[in-house]
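Values below: every heavy atom of this structure, side chains too, minus hydrogens, waters and symmetry copies. Each ligand, and each atom within it, is numbered from 1 in the order the structure gives.
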Amino acid sequence: MISPTSFAYVADLLRRETAMLCEPGKEYLVEARLLPLARSAGQPDVDGYVALLGRDPSERAKAIDALTINETSWFRDLAPYQAFTEAMLPPLLEARAHVKHLEIWSAACSSGQEAYSLTMLLKENLPPGWTARIHATDVSTTMLERVRAGRYSQVEMNRGMPAQRLVTWFTRAGNEWEVSPELRSMVTTQHLNLAAPFPPMPVFDIVFLRNVLIYFDMDTKRDILRRVSTRISPDGFLLLGSSETTLDLDDAWTREAAGRVWMHRPRTAARPAAAARAPITAPALSQTGA
Ligand SMILES: C[S@@+](CC[C@H](N)C(=O)[O-])C[C@H]1O[C@@H](n2cnc3c(N)ncnc32)[C@H](O)[C@@H]1O
């Protein structure tokens with residue numbers, strides 16, 4: 001088992017590089033994820049590998065990649081995607097009628113299921129003549145490569161991909177399924193650490209920032225939400241994971257309910273009362289499942 005000193009080193013590295021918390025009790029996970037890297041680096045055990053990390057930046061990058069949690073699925077939790085088509089697209093289609101274009105950010109996109117789920121809904125719901133771009137970002141370069149490859153195993157497809165959309169948007173590629181070039185052309189990828197200053201980016205109409213804030217401490221969450229508020233248009237929407245909230249974190253946001261989810265919107269002079277008017281259909285804030 002990994003030694004306490006090595007574990008503390010790895011936890012500190014992960015926190016410095018990604019802001020992710022790796023608390024005591026996660027030793028088994030760190031061990032399981034680093035052992036294959038230790039073996040391919042010719043180290044006898046994880047402690048030997050951790051000693052190597054101090055001297056080798058490329059191994060450090062691989063270790064950070066291996067330690068990120070990339071759990072995701074197609075149309076994850078369904079309700080956010082319903083809110084996307086039913087509550088977010090209609091006002092934005094009206095408000096952007098002059099440009100006929102939408103910019104969407106899948107922040108912490110993992111292997112791309114979130115981004116490609118959104119492209120399918122856009123293809124099904126955008127009027128003729130409209131375009132949209134999904135900006136898919138993650139701190140893991142391996143995950144970004146997976147988004148660009150757009151290939152998924154049968155097991156991954158079984159996690160939430162409806163049969164009709166599978167036949168419409170994917171082709172067989174050996175043992176895998178490959179997303180159509182048409183959807184792929186709507187997605188751009190960029191390496192982005194949410195915990196560091198953002199690189200130049202467009203202003204977004206919709207931001208999906210789902211199931212990643214849970215890994216950060218309060219100050220980091222607050223800081224990320226504040227910086228996201230500067231990258232979203234005044235009439236835009238932010239969607240968090242079902243166990244994540246802007247409440248008590250940042251008063252730059254108001255919340256509106258759409259079915260079972262909260263949509264977060266920048267608090268603007270034009271819409272100051274939205275938070276006070278919480279609809280009676282508002283979902284429970286303690287809702288979990290992310
Ligand atoms: C659990 S997945 C969530 C994927 C997707 N958003 C979803 O809801 O299904 C979390 C993702 O956050 C990424 N991540 C972790 N720390 C990050 C950071 N500091 N900046 C950007 N992405 C980060 C991980 O690499 C991983 O792909």
Novice: Establish, yes or no, whether the cationic atom of R255 lies under 6.0 Å from the six-membered ring centre of W262 and within 45° of the ring axis.
Specialist: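 Satisfied, under 6.0 Å and within 45°.
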Novice: Write out the protein residues near ligand 1, meaning a non-hydrogen atom under 4.0 Å from one of its atoms, in order of chain and number.
Specialist: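 Its neighbours under 4.0 Å (heavy atoms only) are T18, M20, T68, I69, N70, E71, T72, R76, A108, S110, E114, D138, V139, S140, L192, N193, L194, R210, N211, V212, Y215, F216, given by chain and number.
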Novice: I want to check a possible cation-pi pair here: R231 against F198, using under 6.0 Å from ring centre and within 45° of the ring axis as the test.
Specialist: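 The answer is no, since R231 fails at least one limit relative to F198.
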Novice: With sequence neighbours left out, what residues match S40 under side chain to side chain contact (heavy atoms under 4.5 Å, CB included)?
Specialist: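 For S40 there are no side chain to side chain contact (heavy atoms under 4.5 Å, CB included) partners, ignoring immediate neighbours.
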Novice: Please tabulate, for side-chain N and O atoms in residues 199-207, each donor-acceptor pair with protein atoms closer than 3.5 Å (sequence neighbours left out).
Specialist:
from : atom 1 : to   : atom 2 : distance (Å)
D205 : OD1    : R96  : NE     : 2.8
D205 : OD1    : R96  : NH2    : 2.8
D205 : OD2    : E103 : N      : 2.8

Novice: In chain order, what residues pass the ring-ring contact (aromatic ring centres under 6.0 Å, His included) check against Y49, with sequence neighbours excluded?
Specialist: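 Y49 satisfies ring-ring contact (aromatic ring centres under 6.0 Å, His included) with no other residue.
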Novice: Could you point out which residue of W177, W74, W169 forms a ring pair (Phe, Tyr, Trp, His ring centres under 6.0 Å) with Y152?
Specialist: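 Running ring pair (Phe, Tyr, Trp, His ring centres under 6.0 Å) over W177, W74, W169 with Y152 returns exactly one hit, W74.
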